[in-house]
Trainee: 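Mind having a look at this structure? Questions to follow.
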Amino acid sequence: MERKDFETWLDNISVTFLSLTDLQKNETLDHLISLSGAVQLRHLSNNLETLLKRDFLKLLPLELSFYLLKWLDPQTLLTCCLVSKQWNKVISACTEVWQTACKNLGWQIDDSLQDALHWKKVYLKAILRMKQLEDHEAFETSSLIGHSARVYALYYKDGLLCTGSDDLSAKLWDVSTGQCVYGIQTHTCAAVKFDEQKLVTGSFDNTVACWEWSSGSRTQHFRGHTGAGGLAEVQSQVSLAQPWRLHPLKCGQV
């Protein structure tokens, strides 16, 4: 067929093809494919790959890509990062996207820190932590076993936990190891405070007492309450190693 005749025939076929329904178009294509040889099928495969697998994110200017990415939610962005190395590189370089994601989680954002990878890591760490909280896996738990009755009083400081129990004892624990550092006989403790040398307890017997960890002896005893004794917060300038400073607190002021 001459070129001119072929072009006329092709125009007529095109007009007819465009007038068909989608189902008829599909049937026409199926029929043409069945009539095609290896050369035609290879040509069709190469052209379809270009049309159907065009990487728009790669072809767009970076600024326009960033603008489009801002409309996606973080979970979709993370899924897009798995498409290819190029997509992951572009998405991970969009600072505003990950800053916005962190803001939506309630983070205070320092806009002067224009490091997209940093904010992406912050977001991922926060999401992981939230999932751990939902799955009850955020914290390691352990039991400290040593008392023989109910534990009424707890006080934690600098990796140490003090417990006071109804078994008339108080114990000092190293939280990291779970080991009991000191254990002394006391009254039933309603409240406890301590430093490295001394323990101060408030009791259900309406008294406040000061104890020495190393010897277990009671060094001070304060009476005057008509109910169970609680303990005020000890100021940093007041050392528990100097129990005489506690005298002004008796008679209802503790």
Side-chain angles (χ1 to χ4, degrees), residues 102-110 122 125-254:
C102 291
K103 287 179 181 178
N104 292 338
L105 291 178
W107 287 82
Q108 294 295 322
I109 301 301
D110 181 2
V122 169
K125 185 176 180 180
I127 289 298
L128 176 60
R129 193 63 171 170
M130 290 170 64
K131 186 177 185 305
Q132 289 175 333
L133 287 169
E134 291 176 356
D135 297 339
H136 306 287
E137 298 176 352
F139 305 100
E140 294 184 2
T141 60
S142 60
S143 298
L144 304 176
I145 301 175
H147 289 290
S148 59
R150 291 171 294 182
V151 175
Y152 284 110
L154 296 171
Y155 186 69
Y156 174 84
K157 182 177 71 172
D158 300 332
L160 297 174
L161 176 68
C162 183
T163 58
S165 171
D166 202 17
D167 62 4
L168 305 182
S169 74
K171 296 183 183 296
L172 187 65
W173 308 83
D174 186 326
V175 174
S176 62
T177 64
Q179 298 298 310
C180 181
V181 181
Y182 291 113
I184 60 176
Q185 292 299 307
T186 62
H187 43 203
T188 299
C189 300
V192 291
K193 295 287 179 69
F194 70 92
D195 67 8
E196 292 78 4
Q197 300 176 9
K198 301 290 183 180
L199 167 68
V200 178
T201 60
S203 175
F204 289 105
D205 64 9
N206 306 341
T207 66
V208 174
C210 184
W211 313 78
E212 189 176 65
W213 282 120
S214 59
S215 64
S217 61
R218 187 175 64 187
T219 58
Q220 297 287 326
H221 199 206
F222 306 98
R223 300 181 182 275
H225 288 290
T226 58
L231 297 176
E233 188 67 39
V234 180
Q235 300 297 322
S236 59
Q237 67 269 23
V238 178
S239 171
L240 290 180
Q242 297 174 308
W244 58 85
R245 294 192 182 185
L246 292 174
H247 282 296
L249 299 178
K250 65 182 180 178
C251 299
Q253 297 182 27
V254 177

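Only heavy atoms go into these numbers, but all of them, side chains included; no hydrogens, no water, no symmetry mates. Keep in mind that what you see is a predicted model, and the values were worked out from it rather than measured.
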Trainee: Could you give the distance from CG (L172) to CD (E196), rounded to the nearest 0.5 Å?
Mentor: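 These two atoms lie 9.5 Å from each other.
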Trainee: Does C162 form a side-chain contact (heavy atoms from CB on, under 4.5 Å) with L199? I'd like the steps, not just the answer.
Mentor: CA-CA 9 Å; C162 183; L199 167 68; 3.6 Å; yes
Trainee: Just verifying a value: how many Å separate H187 NE2 and H221 NE2, rounded to the nearest 0.5 Å?
Mentor: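 If we round to the nearest 0.5 Å, H187:NE2 and H221:NE2 are 6.0 Å apart.
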Trainee: Going by side-chain contact (heavy atoms from CB on, under 4.5 Å), name the residues that satisfy it together with S148, two or more places apart in sequence or in a different chain.
Mentor: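 S148 satisfies side-chain contact (heavy atoms from CB on, under 4.5 Å) with D167 once adjacent residues are dropped.
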Trainee: Partners of D174 by salt bridge (Lys or Arg N to Asp or Glu O under 4.0 Å), sequence neighbours excluded?
Mentor: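 D174 satisfies salt bridge (Lys or Arg N to Asp or Glu O under 4.0 Å) with no other residue.
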Trainee: Mark yes or no for whether W213, through its side chain, and I184, through its backbone, hold a donor-acceptor pair below 3.5 Å.
Mentor: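 Looks like no, no N/O pair under 3.5 Å.
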Trainee: With a 3.5 Å cut-off and no angle check, do the side chains of T219 and W211 form a donor-acceptor pair?
Mentor: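 Checked: T219/W211 side chains show no N/O donor-acceptor pair below 3.5 Å.
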Trainee: Flag the pair Y155 / C189 as yes when at least one side-chain heavy-atom distance between them is below 4.5 Å, and no otherwise.
Mentor: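 Of all side-chain heavy-atom pairs linking C189 with Y155, none is under 4.5 Å.
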Trainee: I'd like to know whether Q197 forms a side-chain contact (heavy atoms from CB on, under 4.5 Å) with E212, so could you lay out the CA-CA distance, the side-chain angles of the two residues, the decisive distance to 0.1 Å, and finally the verdict.
Mentor: CA-CA 6 Å; Q197 300 176 9; E212 189 176 65; 5.9 Å; no
Trainee: Using modelled atom types only, decide if a donor and an acceptor are shared between the side chain of T177 and the backbone of Q179 within a distance under 3.5 Å.
Mentor: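 Judged by distance alone, yes, a pair lies under 3.5 Å.
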Trainee: Closest heavy-atom contact between T163 and W173?
Mentor: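 Residues T163 and W173, closest heavy atoms: OG1-NE1, 3.0 Å.
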Trainee: Counting only N and O atoms by type, is there a donor-acceptor contact under 3.5 Å from the side chain of T201 to the main-chain atoms of V192?
Mentor: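 The answer is no, because no donor-acceptor pair under 3.5 Å joins these two groups.
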Trainee: Are K171 and Y182 in a cation-pi setup, meaning NZ or CZ lies under 6.0 angstrom from the ring centre and within 45 degrees of the ring axis?
Mentor: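 Here K171 fails the 6.0 Å and 45° test against Y182.
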Trainee: Kindly indicate whether the side chain of D205, heavy atoms from C-beta on, has any atom under 4.5 Å from the side chain of T188.
Mentor: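 They are not in contact (no side-chain heavy atoms under 4.5 Å apart), so the answer is no.
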Trainee: Main chain of A149, side chain of S165: is a donor-acceptor contact present, judged purely on distance under 3.5 Å?
Mentor: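 Here the side-chain-to-backbone pair exists.
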Trainee: For T207 and R223, indicate whether the former's side chain and the latter's backbone hold a donor-acceptor pair under 3.5 Å.
Mentor: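 No; zero donor-acceptor contacts below 3.5 Å.
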